[in-house]
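What follows is a short report on a single structure.
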Amino acid sequence: MPDRVRKAVFPAAGLGTRFLPATKAQPKEMLPIVDKPIIQYGVEEALQSGIQNIIIVTGRGKSAIEDHFDVSFELENLLETRGKKDLLAIVRGISDMINVSYVRQKEALGLGHAVLRAMELVGEEPFAVVLADDLIVAETPCLRQLLDVHSVFLAPVLAVIEMPPGAISSYGAIDAEPVHHNGSPDRVYRIRDLVEKPKPSEAPSNLAIIGRYVLTPEIFDSLQTIDPGSGGELQLTDGLRLLLRTRPIYAYRFEGTRYDAGDKLGFLKATVEFALRRHDLGGPFREYLKGLKL
Ligand code: G1P
C-alpha cells in the first residue's frame, strides 16, 4: 500500500437545513465567506497540503459545486475581452490546479455513508477527508500537519481541538493518551476509544474531532460492517471505533484557528475575521466596525 496521500474526499451531500432558506436552491458548500465559497477554502487547503486529487461526494441539488470547479468558457471569454486579467486568473486558478471527480450519495445517510461512497475512487491507498464546514486558518495548513503525523506513524490521524465544557456533545469525542512527538508532550494522542456526540456526562474528554482526517482504506470494511448510530446515521466515528480493535489510530491537536461555518454564528464570525484579514477590505471594514454603536 503506498504511504503518500494523493486524494482528498469532500463529503458535500448534506441538506444544509441550518441555512434555510439560503440553501433551498443552492448547496451550503457554495455559501461565500467574503467572496469565496466555503468548499473552495477546503480545496485550497488540500492543494496547499500537496493533494491535487479531489473527490467530492455530492447529492441532489449540488450541481453548482460541479460548475464551480469547471471551466467557464463564457465567463472567461467575457473577462478576457474586457481585459480583466486579475479576475480571469482567479476564475481559472482553481479549476486548473485540481483533478476533481464526483460521486453521488443518493440519500443523506450520514458521514460514514458519504465516505463509503468514495471507496472505488480512493482504491487501496491512504486518503484524506475534509469537512469543508470546518474552516481552519493556520500557518501550516491543518491537513499538512496531519499528513506529517501520518508519515511518521503510518496510521489514521484525526484532527482534534479542546472544546469548552458543554460543547463536546455536538462532536465526536476521543478518549486518548498523549504521545511525545517532535519535542511536544501533548499534540499527538493515541486513541483508546471514541464516541459520536456523547452526552456531556458521558464524554471521555474535552477533545473533539474536527473535520480533517487522514484515513487508510481499511476504514471502508469497517463502514460496511457497522450499524447506523447517532441520529440514525452511519457515522464515521463508529467506523473508526471498530477499526480501533485491529489497528492503532492517532489524533493530532493541530495548530490553528477553526471556525464552524456550518453554524450561523460561526459563519458570521468567519466572515468578519476573514474580511478583516483581507488587504483590500480589512482597513475600511475595521473602521466601519469601530464606528458601530454596540
Ligand atoms: C461530523 C462528525 C463529528 C465531528 C464533526 C466535526 O459531525 O460526525 O464526529 O466532530 O463532524 O465538525 P457533524 O458536524 O456532521 O454533525
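Atom set for the values below is all heavy atoms of this structure, side chains included, hydrogens, waters and symmetry mates excluded. Just follow the structure's listing: the first ligand is 1, and inside any ligand the first atom is 1. This one's a predicted model, so the numbers in the text were calculated from it and none came from an experiment.
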Can you get from Ile210 to Tyr213 by hopping between Ile, Leu, Val, Met, Phe, Trp and Tyr side chains that sit under 4.5 Å apart? no

Output the list of atoms in ligand 1 that are nearer than 4.0 Å to some heavy atom of Lys197, sorted by atom number. 7 (O), 13 (P), 16 (O)

Ligand 1 atoms nearer than 4.0 angstrom to some heavy atom of Asp134 are 6 (C), 12 (O)

For Thr237, atoms of ligand 1 separated by under 4.0 Å from a heavy atom: 9 (O)

Salt-bridge contact Asp134-Arg212 (side-chain N to carboxylate O under 4.0 Å): no

Backbone or side-chain N or O of Gly211 under 3.5 Å from ligand 1 N or O: no

Using a 6.0 Å distance limit plus a 45 degree cone around the ring axis, check whether Lys197 lies over the aromatic ring of Tyr171. no

Counting each atom of ligand 1 from 1 as listed, which ones have a heavy atom of Gln235 under 4.0 Å away? 8 (O)

Who's closest to atom 6 (C) of ligand 1 heavy-atom-wise, of Ile174, Ile209, Leu194, Val129? Ile209

Does some non-hydrogen atom of Leu131 fall short of 4.0 Å from ligand 1? yes

Salt-bridge test for Asp133 and Lys28: reply yes if a basic N is under 4.0 Å from a carboxylate O, no otherwise. yes

Can you report which non-hydrogen protein atom sits closest to atom 9 (O) of ligand 1, along with the distance? Glu196 OE1, 2.6 Å

Is there at least one pair of N or O atoms, one from Tyr171 and one from ligand 1, spaced under 3.5 Å apart? no

Gln105 and His113: side-chain donor and acceptor closer than 3.5 Å? yes

Report yes or no: do Glu177 and Tyr189 form a side-chain donor-acceptor pair below 3.5 Å? no

Could you check whether Phe19 and Phe267 have their ring centres less than 6.0 Å apart? yes

Going by distance only, is there an N or O of Ile210 that falls short of 3.5 Å from an N or O of ligand 1? no

Between Tyr250 and Phe153, what is the ring plane arrangement, given parallel below 30°, perpendicular above 60°, and tilted in between? tilted

Within the 4.0 Å heavy-atom cut-off, what Asp260 brings close to ligand 1 is neither

Is the shortest distance from atom 16 (O) of ligand 1 to a protein heavy atom below 4.0 Å? yes

